[in-house]
Amino acid sequence: MIQNETRLFKFPKFSELIIHEDENLIVINKPPFVASLDEREGGEVNILRLAKKYHADAQICHRLDKETSGILLIAKNPETYRSVSIAFEKRKVHKIYHAIIGGTHTFQDLLVDLPILNQGNKNVSIDRANGKPAETVFNSLKYYKNYTLVECKPITGRMHQIRIHLATQHAAIVGDSMYRGKPVYLSQIKKRGFTLSKDEEEQPIMKRFALHAKHIEFELNGVQMVFDAPYPKDFATLLKLLDKFDA
């Protein structure tokens, strides 16, 4: 499904993704369905290739899952790449993600401290014996009848960390089939006045998992950098429909 979405997705100009740019750094709001780096199975487009066309020395400082939207940092020179990489390693980069999860969950500074083992081929698991330390703090932001908007603060940066940590709380991100998250259909939340023709198959409101990198803070060359990324259209649409039909 994701590969088909990538082909159908009309990618904007790289310059249109930029939230901030200076002599050292480019900050973009990454769209969904686009990989951060080259993938093993290939792929027509990714952020690194586009960034290098825009600026030859561009380097991605971290990565987001292909389906995840939001803030991505791109260094314009080796010195900046090194500085930002060290800040990530020392956990001095503070990130906030927003996720829409199935069910009503009350999280108040909930710390999930469960080690994650990277098994390769984009598969991870919770493994207390062999996994690497992984910590995420969760706070519920808005409640719906059947869903919750959640703030996620990863302290570490393991693969799929937010996704698998939420799943351990029986709170999988909607649309995240890898962790048993179910998609949201309009017919589920709009009980009345919703009809489909016999030959029409209903599509989910979001055709990916609902995770967005919303906010980031870090220091670069003695200056505190703070950035926010607006929700993309699909994420904003799902919240709007939940506000209307599931509040």
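A quick note: this is a predicted structure, and the numbers were derived from the prediction, not measured.
Legend: ring-ring contact (aromatic ring centres under 6.0 Å, His included) pairs involving residues 60-92, not counting sequence neighbours, sorted by first then second residue: H62-F88.
Put simply, V34 and V27 are part of two different groups of oily side chains (I, L, V, M, F, W, Y) that touch within less than 4.5 Å, one to the next. I71 is not connected to I74 by any chain of hydrophobic side-chain contacts under 4.5 Å among Ile, Leu, Val, Met, Phe, Trp and Tyr, and they are in different clusters. The hydrophobic clustering, which links ILVMFWY residues whose side-chain heavy atoms are closer than 4.5 Å, places L72 and I86 apart. L73 and L211 are members of different hydrophobic clusters when ILVMFWY side chains are connected at heavy-atom separations under 4.5 Å. In the hydrophobic cluster analysis, where Ile, Leu, Val, Met, Phe, Trp and Tyr join through side-chain heavy atoms closer than 4.5 angstrom, M225 is grouped apart from L64.
Between the side chain of T80 and the backbone N or O of A75 there is no donor-acceptor pair closer than 3.5 Å. Proximity of a side-chain donor or acceptor of T148 to a complementary backbone N or O of G103 within less than 3.5 Å is detected. Looking only at distances, no side-chain donor or acceptor of N121 sits under 3.5 Å from a matching main-chain atom of N123. The backbone N or O of D22 sits less than 3.5 Å from a side-chain atom of K76, completing a donor-acceptor pair. Put simply, the side chain of E202 never gets that close to the backbone of Y185: no donor and acceptor are under 3.5 Å apart. With S69 contributing its side chain and H212 its backbone, the two residues share no donor-acceptor pair below 3.5 Å.
Each of N130, L117, N118 was checked for a side chain to side chain contact (heavy atoms under 4.5 Å, CB included) with S125, and the lone residue meeting it is L117. Of the candidates K66, K52, R63, R49, D38 forms a salt bridge (Lys or Arg N to Asp or Glu O under 4.0 Å) with just one, namely R49.
Legend: residues meeting ring-ring contact (aromatic ring centres under 6.0 Å, His included) with F227, ordered by chain and number and at least two apart, are H20. Every residue was checked against the side chain to side chain donor-acceptor pair (under 3.5 Å) condition with D57, not counting sequence neighbours, and none meets it.
In terms of heavy atoms, P31 sits closest to L17 at CG-CD2, 3.7 Å. Shortest non-hydrogen contact noted between A229 and I19 is CB-CD1, 3.9 Å. Across all their heavy atoms, V84 and C61 have their closest contact at CG1-CB, 3.7 Å. Heavy-atom minimum distance, N29 versus G70: OD1-CA, 3.3 Å. In this structure, Y143 and F107 approach most closely via the heavy-atom pair OH-N, 4.5 Å.
Taking the six-membered ring for Trp and the full ring otherwise, the centers of H98 and Y231 sit less than 6.0 Å from each other.
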Pairs of donor and acceptor atoms involving the side chains of residues 150-166, under 3.5 Å and at least two apart or interchain, shall be tabulated with distances.
residue : atom : partner : partner atom : Å
T156    : OG1  : E135    : N            : 3.0
T156    : OG1  : Q161    : OE1          : 2.7
T156    : OG1  : Q161    : NE2          : 3.3
R158    : NE   : P133    : O            : 2.8
R158    : NH2  : P133    : O            : 3.2
H160    : ND1  : Y179    : OH           : 2.8
H160    : NE2  : R163    : NH1          : 3.3
Q161    : OE1  : R158    : N            : 3.0
Q161    : NE2  : E135    : O            : 2.8
Q161    : NE2  : T136    : OG1          : 2.8
Q161    : NE2  : T156    : O            : 3.4
R163    : NE   : D176    : OD2          : 2.8
R163    : NH1  : D65     : OD2          : 3.0
R163    : NH2  : D176    : OD1          : 2.8
H165    : ND1  : T136    : OG1          : 2.8
H165    : NE2  : L114    : O            : 3.0

List the atom pairs, with distances to 0.1 Å, where a side-chain N or O of residues 214-223 and a protein N or O form a donor-acceptor pair under 3.5 Å, not counting sequence neighbours.
residue : atom : partner : partner atom : Å
H215    : ND1  : D228    : OD1          : 2.9
H215    : ND1  : D228    : OD2          : 3.3
H215    : NE2  : E217    : OE2          : 2.8

Can you give me every donor-acceptor pair (side chain of residues 240-247, partner residue at least two apart or in another chain, under 3.5 Å) with its distance?
residue : atom : partner : partner atom : Å
D243    : OD1  : K142    : NZ           : 2.8
D243    : OD1  : Y144    : OH           : 2.9
D246    : OD1  : N146    : ND2          : 2.8
D246    : OD2  : K145    : N            : 3.3
D246    : OD2  : N146    : N            : 2.9

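T104 OG1 to Y147 OH: the interatomic distance, rounded to the nearest 0.5 Å, is 10.0 Å. Rounding to the nearest 0.5 angstrom, the gap separating the CD1 atom in I100 from the CG atom in L238 is 4.0 Å. Summarising the geometry, atom CZ belonging to R208 is positioned 7.0 Å from atom OG1 belonging to T68; distances are rounded to the nearest 0.5 Å. Residue Q169 holds its CD atom at 5.0 Å from CG of L110, rounded to the nearest 0.5 Å. Here the straight-line distance linking atom CZ of F138 with atom CG of L111 works out to 9.5 Å at 0.5 Å rounding. Atom NZ of K13 is separated from atom CD1 of I18 by 12.0 Å, given to the nearest 0.5 angstrom.
Around CD of E16, the count of heavy atoms belonging to other residues, nucleotides or ligands within 6.0 Å exceeds 12.
Here the side chains of N46 and L37 are not in contact, with every heavy-atom distance at 4.5 Å or above.
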